Every structure is written in C-alpha cells, then in structure tokens.
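Treat the numbers as computed from the prediction; the structure is a model and nothing was measured.
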Amino acid sequence: MSIPAILLTVFLSIAGMELFAWWAHKYIMHGWGWGWHRDHHEPHDNVLEKNDLYAVTFGTIVFAMFAVGYVWSDLLWWIAFGITCYGLIYTFVHDGLVHQRYFRWVPKKGYAKRLVQAHKLHHATIGKEGGVSFGFVLARDPAKLKAELKRQKDAGIATVRESAGA
C-alpha cells in the first residue's frame with residue numbers, strides 16, 4: 001500500500017471506531033451487555049471492572065485482525081493498526097482523563113474539559129435506560145446534553161442523579 005492509502009486507512013479506521021464505539025456503547029453496553037458494563041456506572045474501589053472485559057474482547061478481535069492481515073491483507077493489518085490507535089486514544093481520554101485511572105488532572109478549559117463534562121453527564125443516569133454522550137472522543141455541548149437529560153427525566157425515560165442538576 002502507498003503511504004497516502006495507509007494514512008487514509010488509519011484515519012478512517014479511527015473515525016469508524018468512534019462511530020462503532022458510540023453504537024456498541026449505546027446498544028450493547030447499555031443493552032444486552034449491561035451485565036459487564038454496570039459496575040462502570042457504580043461507585044467502587046476495585047482496580048479492575050467487569051467492564052474491562054470489553055477491552056479484552058475487542059483487543060482479542062484486533063489481535064486476530066493483525067494476524068490475518070499479516071498473512072493475507074495489508075489493508076486489514078492497517079485497519080487493525082487504526083483500531084489500535086483509537087484504543088490508545090480511548091484509554092488515554094476515557095480511562096485516564098475522565099475516570100482518572102492513570103493520572104490526576106482536571107482540565108479547566110478547552111476540549112478536554114468538554115470531554116470530561118460530557119462523560120460525567122453520561123454517568124448522571126442511574127441504570128441503563130436513557131442517557132447521553134455515548135461516544136468517547138467526540139463530545140457535544142454540555143448545555144445541550146443537560147437539556148436532553150432533563151427531557152429524558154421529565155418523560156420518564158431516565159432516572160437522573162440529583163447531583164447532575166438536570
């Protein structure tokens with residue numbers, strides 16, 4: 001593959017993963033896969049969560065993609081590389097910045113603050129029903145997310161924590 005084709009493949013894989021992550025988070029993790037995801041939404045002192053099984057599962061799939069791509073398809077190998085890049089971004093942003101599993105820093109302004117606010121609003125609901133901000137890297141305006149949470153609360157779709165202010 002040419003360098004431009006590789007770069008495009010990696011970029012599209014990263015962008016595609018944000019779409020897939022949104023879909024998987026909303027319809028799997030907050031759907032039939034809630035059993036693994038629930039502890040991520042509940043306070044605990046454990047270093048690991050059942051939710052981490054999603055990373056193991058998706059990592060195993062990507063490992064297989066690397067192996068198959070190495071033998072049969074450069075394109076598949078570079079897609080797996082893009083997915084891995086997304087995984088690193090996700091780990092840094094979601095686990096590191098938002099949930100502070102690796103370091104302690106609370107951003108005071110800019111897009112990093114917006115990411116933290118959006119994900120905190122995602123955690124404002126109790127249970128798997130309703131919710132906002134299912135993506136991990138792209139974050140909507142927190143004011144719009146609060147308004148959507150209030151609408152869901154008023155409609156009886158979601159139970160919102162008192163601390164969320166919605």
Would you list the pairs meeting side-chain hydrogen bond (donor to acceptor under 3.5 Å, both in side chains) in which at least one residue belongs to residues 28-40, sequence neighbours left out?
->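 Passing the test, one end in residues 28-40: H25-H30, H25-H37, H30-H37, H30-H41, H30-H122, H37-H41, H37-N51, H40-E49, H40-H94, H40-H99, H40-H123.
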Scan residues 1-15 for pairs that pass side-chain hydrogen bond (donor to acceptor under 3.5 Å, both in side chains), counting only residues two or more places apart or in two chains.
->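 Checked against side-chain hydrogen bond (donor to acceptor under 3.5 Å, both in side chains) - neighbours excluded - no pair reaches residues 1-15.
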So which atom in [X] and which in [Y] form the shortest heavy-atom distance, rounded to 0.1 Å?
X    : Y    : value
I14  : G82  : CG1-O, 3.3 Å
W105 : Q100 : O-NE2, 3.3 Å
R151 : I157 : NH1-CD1, 4.0 Å
Q152 : G131 : OE1-N, 2.6 Å

Could you tell me the separation between the [atom1] atom of [X] and the [atom2] atom of [Y], rounded to the nearest 0.5 Å?
X    : Y    : atom1 : atom2 : answer
D74  : I79  : CG    : CD1   : 11.0 Å
M29  : F134 : CE    : CZ    : 11.0 Å
L149 : K144 : CG    : NZ    : 15.0 Å
I6   : F81  : CD1   : CZ    : 10.0 Å
H119 : L97  : NE2   : CG    : 10.5 Å

With clusters built from Ile, Leu, Val, Met, Phe, Trp and Tyr whose side-chain heavy atoms come within less than 4.5 Å, directly or transitively, what are the remaining members of the cluster of L7, listed by chain and number?
->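 Direct or chained contacts put L7 with I3.
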Using a 4.5 Å cut-off on heavy atoms from C-beta on, say whether the side chain of [Y] contacts that of [X].
X    : Y    : value
S133 : L121 : no
Y111 : L138 : yes
V137 : Y90  : no
K150 : V160 : no
I83  : F20  : no

Without swapping roles, check the side chain of [X] against the backbone of [Y] for a donor-acceptor pair under 3.5 Å.
X    : Y    : answer
R114 : A139 : yes
E18  : G135 : no
Y86  : A21  : no

State which residues pass side-chain hydrogen bond (donor to acceptor under 3.5 Å, both in side chains) with E129; sequence neighbours excluded, sorted by chain then number.
->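 Residues passing side-chain hydrogen bond (donor to acceptor under 3.5 Å, both in side chains) with E129: none at all.
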Can you give each donor-acceptor pair under 3.5 Å made by side-chain atoms of residues 55-73, sequence neighbours left out, with the distance rounded to 0.1 Å?
unit_1, atom_1, unit_2, atom_2, d
T57, OG1, L53, O, 2.9
T60, OG1, V56, O, 2.8
S73, OG, L75, N, 3.4
S73, OG, L76, N, 3.0

Is there a path of hydrophobic side-chain contacts, each under 4.5 Å between heavy atoms of I, L, V, M, F, W or Y residues, that connects Y27 with M17?
->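 Y27 clusters together with M17.
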Single-linkage hydrophobic cluster W22~I28, side-chain heavy atoms < 4.5 angstrom |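 Hydrophobic grouping puts W22 with I28.
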Is there any salt bridge (charged side-chain N to carboxylate O under 4.0 Å, His left out) pair reaching into residues 51-70, and which pairs are they, with sequence neighbours excluded?
->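 Found D52-R101.
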Does CZ in F11 sit with more than 12 non-hydrogen atoms of other residues, nucleotides or ligands closer than 6.0 Å?
->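 It does not: F11 CZ has 12 such atoms or fewer within range.
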